[in-house]
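Everything on this sheet refers to the single structure shown next.
This structure is a prediction, so every number in the text was calculated from the model and none was measured. Computation of the quantities below employed the complete heavy-atom set of this structure, encompassing side-chain atoms and omitting hydrogens, waters and symmetry-equivalent molecules.
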Amino acid sequence: MSTATLPEGDWIRGISIRQPYAACILAGAKTVENRPARWRTGWVLLHTSKAVDRPALRVPLIARTIRDRQLVTGAVVGIARIIDCHQDPDGAPLCSPWAHQGAWHLVLRDVQELPLPVPAAGQLGPWKPTPDLLERVFQQLPDFRP
């Protein structure tokens, strides 16, 4: 898909996620991403930060999920759609085993992993991808239709 066939305007953002959490999302197990502030719903590029959370590799839930997965860093590795952003009420059960108390929970669906990671610099908070980056990502997803 070329950028000529992608929608115009502000329809997609980037989200930078540390490994191994990004690998858990790509594996289909982690459907909730925790953030300190509210995010809007819609499509996001899944970007892996350059840092790996080494202590998280010893968490059984994560270790089971990422078994035999490569932990690519500093690249766009997939896309997903945020369908909801909420906080669980204090004292209520968390919406997912991946959810953190007090965080905003981004509920992810329609996760698609790229065949080849696309090196890119991300940033904290939602970021706007360049047209060149979008073209390199969507060349790998020819059937994608937002």
Output all residues satisfying salt bridge (charged side-chain N to carboxylate O under 4.0 Å, His left out) with D53, sequence neighbours left out; order by chain, then residue number. R18

What is the distance from atom CD1 of I66 to atom NZ of K30, rounded to the nearest 0.5 Å? 13.0 Å

Roughly how far, to the nearest 0.5 Å, is the CD1 atom of I83 from the CH2 atom of W43? 11.0 Å

I15 vs L106, side-chain contact (heavy atoms from CB on, under 4.5 Å): CA-CA, chis, key distance, verdict: CA-CA 11 Å; I15 183 171; L106 310 183; 3.7 Å; yes

Under the 3.5 angstrom rule, does the side chain of N34 hit a backbone N or O of H100 as a donor-acceptor pair? yes

Below 4.5 Å, heavy atoms only, C-beta onward: do L71 and L57 meet side chain to side chain? yes

Flag yes if L46 and F144 sit in one hydrophobic cluster, no otherwise; membership is Ile, Leu, Val, Met, Phe, Trp, Tyr, and two members link when side-chain heavy atoms are under 4.5 Å apart. no

Full working for side-chain contact (heavy atoms from CB on, under 4.5 Å) between R109 and T31: CA-CA 7 Å; R109 294 286 186 276; T31 59; 4.1 Å; yes

Indicate yes or no for a side-chain donor-acceptor contact from Q101 to the backbone of L94 under 3.5 Å, with no hydrogens or angles considered. no

Between A75 and P117 the two heavy atoms that sit nearest each other are CB-CB, 3.8 Å

What is the ring orientation for H105 with H86, classed by angle as parallel under 30°, tilted 30 to 60°, or perpendicular over 60°? perpendicular

What's the spacing between R136 CZ and T130 OG1 if we round to 0.5 Å? 6.5 Å

Closest approach of G122 to S16 (non-hydrogen atoms, all atoms of both residues): CA-OG, 3.5 Å

Using modelled atom types and a 3.5 Å cut-off, is there a donor and acceptor pairing between side-chain atoms of T65 and backbone atoms of C24? no

Verify same cluster id: I79, I25 (apolar side-chain graph, 4.5 Å): no

I'd like to know if the side chain of D88 and the backbone of C95 have a donor-acceptor N/O pair within less than 3.5 Å. yes

Do L26 and V44 share a hydrophobic cluster, counting only Ile, Leu, Val, Met, Phe, Trp and Tyr and linking them when any side-chain heavy atoms are less than 4.5 Å apart? yes

May I ask whether V59 and I17 are part of the same hydrophobic cluster, defined by side-chain heavy atoms of I, L, V, M, F, W, Y residues being less than 4.5 angstrom apart, directly or through others? yes

With sequence neighbours left out, write down each residue that passes ring-ring contact (aromatic ring centres under 6.0 Å, His included) with W104, or none if nothing qualifies. none

Return yes if some donor-acceptor pair links the side-chain N/O of Q87 with the main-chain N/O of G102 below 3.5 Å, else return no. yes

Of all heavy-atom pairs linking Q19 and A23, the shortest is OE1-N, 3.0 Å

Would you kindly confirm whether L108 and I12 end up in one hydrophobic cluster when ILVMFWY residues are joined by side chain heavy atoms under 4.5 Å apart? no

Please name the pair of heavy atoms, one in T41 and one in D84, separated by the smallest distance, quoted to 0.1 Å. CG2-N, 3.8 Å

Kindly say whether T48 contributes a backbone atom to a donor-acceptor pair with the side chain of T73 at under 3.5 angstrom? no

Please lay out, stage by stage, how H47 and W127 fare under the test side-chain contact (heavy atoms from CB on, under 4.5 Å). CA-CA 10 Å; H47 174 266; W127 49 273; 3.6 Å; yes

Please lay out, stage by stage, how I82 and R13 fare under the test side-chain contact (heavy atoms from CB on, under 4.5 Å). CA-CA 10 Å; I82 300 170; R13 289 287 189 207; over 6 Å; no

Treating W98 as the side-chain partner and A29 as the backbone partner, does any N or O pair qualify as donor plus acceptor under 3.5 Å? yes

Here the pair of heavy atoms bringing E33 nearest to R35 is OE2-NH2, 2.9 Å

